[in-house]
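The structure under discussion appears below in the form of structure tokens.
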Amino acid sequence: MHAEIAEQQADITRLLLHHVHAPVTGTHFIRGVLPASAPSSVIRVVMGEANAYAPDELIAYEIPLQWDSEPATAHGITALLRTLVTDTRIYSSERISQVMGMLLVRVDLSALEAPAPTTDDRALVILRCFAQPYTEEEPSPLLRGFCFRDEDRLRLYLNAADAPEAIAVDVRPSNATTALLASLPSLLDEEQYWTEDDSDPHCTHVVNLTDW
């Protein structure tokens, strides 16, 4: 079960990456995608303005991975996010909490009118079919999510084959050399780089490669 959730989280993350640079709407960008652990069939999308890093500048929306018994899609989530970030409704206290210092909103799909993807959303699906065709060969390690932790600290969530939780890897974009990226899979097992982050429930531990 957790393998299927991990694959779905990875597929959605891959298809949302362009919204790091391109706004979902207005001034709202994706600043992270957090992979919730099995058995939770959800994904948490972190929204904020461009170059927002501080937790109090970000909101994480917890979105179910199943919509009316159908798997959630990236373009469906994009359409939903447009509604969420422009919605002025007041959420009940039981649907609001905090995670990693960010406001966390648990989205109730039954309380929202199902948003329709735009024509551009559907065009992007067509273009990806040719530019990024589906392949059954998955990358290793599998990227299940990411989150900007500060201006020069990016957390990657990579799949752990033997556990439902991901492994977090912290890197500095300013120092993400080809050598580091090539060596990263082998460095995951190097315990000298392991640290704990009790504030992050989305991983078993953190591999700190910021000084590698």
Side-chain angles (χ1 to χ4, degrees), residues 1-20 22-26 28-48 58-100 102-136 138-139 142-147 157 159 164-166 201-203:
M1 177 66 176
H2 75 259
E4 294 176 1
I5 292 175
E7 290 174 8
Q8 188 179 5
Q9 289 169 337
D11 286 342
I12 291 172
T13 296
R14 175 175 58 86
L15 296 174
L16 293 179
L17 286 177
H18 66 289
H19 284 302
V20 169
V24 172
T25 186
H28 301 280
F29 292 77
I30 290 179
R31 307 303 291 155
V33 179
L34 306 174
S37 303
S40 300
S41 297
V42 298
I43 196 164
R44 293 170 174 170
V45 183
V46 180
M47 299 295 295
L58 305 170
I59 300 178
Y61 293 97
E62 184 176 285
I63 301 171
L65 289 175
Q66 294 291 320
W67 296 9
D68 293 330
S69 301
E70 293 293 328
T73 62
H75 65 269
I77 287 176
T78 301
L80 178 63
L81 288 170
R82 291 193 192 102
T83 298
L84 292 171
V85 298
T86 57
D87 194 0
T88 58
R89 78 182 63 210
I90 303 300
Y91 293 93
S92 59
S93 58
E94 57 267 18
R95 303 204 72 82
I96 297 178
S97 58
Q98 284 204 332
V99 64
M100 300 170 67
M102 296 177 281
L103 190 70
L104 174 65
V105 177
R106 293 181 171 85
V107 178
D108 180 6
L109 295 179
S110 65
L112 294 170
E113 188 172 329
T118 65
T119 302
D120 283 354
D121 291 335
R122 297 184 185 280
L124 185 59
V125 172
I126 295 171
L127 294 170
R128 279 192 175 127
C129 288
F130 293 96
Q132 298 173 319
Y134 172 79
T135 173
E136 292 187 359
E138 296 178 347
L142 191 64
L143 178 68
R144 290 175 59 179
F146 68 95
C147 190
Y157 294 95
N159 197 42
E165 298 86 3
H202 308 98
C203 60

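Counting begins at 1 with the first residue of the sequence.
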Taking all atoms of both residues into account, what is the closest heavy-atom pair of [X] and [Y], and its distance?
{"X": "Leu109", "Y": "Trp67", "result": "CD1-CD1, 3.3 Å"}
{"X": "Pro35", "Y": "Gln9", "result": "CB-OE1, 3.5 Å"}
{"X": "Ile43", "Y": "Leu34", "result": "CG1-O, 3.8 Å"}
{"X": "Ala116", "Y": "Ala79", "result": "O-CB, 4.0 Å"}
{"X": "Tyr157", "Y": "Val33", "result": "CD1-O, 4.1 Å"}
{"X": "Ala36", "Y": "Val42", "result": "CB-CG2, 3.3 Å"}

Please round to the nearest 0.5 Å and tell me the distance separating atom [atom1] of [X] and atom [atom2] of [Y].
{"X": "Ser97", "Y": "Glu62", "atom1": "OG", "atom2": "CD", "result": "7.5 Å"}
{"X": "Thr118", "Y": "His75", "atom1": "OG1", "atom2": "NE2", "result": "10.0 Å"}
{"X": "Cys129", "Y": "Leu124", "atom1": "SG", "atom2": "CG", "result": "9.5 Å"}
{"X": "Ile30", "Y": "Leu17", "atom1": "CD1", "atom2": "CG", "result": "8.5 Å"}
{"X": "His19", "Y": "Leu81", "atom1": "NE2", "atom2": "CG", "result": "8.0 Å"}
{"X": "Gln98", "Y": "Ile59", "atom1": "CD", "atom2": "CD1", "result": "11.0 Å"}

Is a side-chain donor or acceptor of [X] paired with a backbone partner of [Y] at a separation under 3.5 angstrom?
{"X": "Asp87", "Y": "Leu84", "result": "no"}
{"X": "Asp108", "Y": "Ser110", "result": "yes"}
{"X": "Gln8", "Y": "Leu65", "result": "yes"}
{"X": "Arg95", "Y": "Arg106", "result": "yes"}

Item to check | Phe146 side chain near Val20 side chain, heavy-atom distance below 4.5 Å | outcome: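 Phe146 reaches Val20 side chain to side chain.
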Checklist entry - Do Pro117 and Thr78 come close enough that some side-chain heavy atom pair is under 4.5 Å? => result no
Checklist entry - Should Val125 and Arg122 be marked as a side chain to side chain contact (heavy atoms under 4.5 Å, CB included) after you check the CA-CA gap, both sets of side-chain angles, and the distance that decides it? => result CA-CA 5 Å; Val125 172; Arg122 297 184 185 280; 5.6 Å; no
Next on the checklist: Set out, in order, the CA-CA distance, both residues' side-chain angles and the distance that settles side chain to side chain contact (heavy atoms under 4.5 Å, CB included) for Leu58 and Met47, then state yes or no.
Outcome noted: CA-CA 6 Å; Leu58 305 170; Met47 299 295 295; over 6 Å; no
Item to check | side chain to side chain contact (heavy atoms under 4.5 Å, CB included) between Phe29 and Val85, worked out | outcome: CA-CA 10 Å; Phe29 292 77; Val85 298; over 6 Å; no
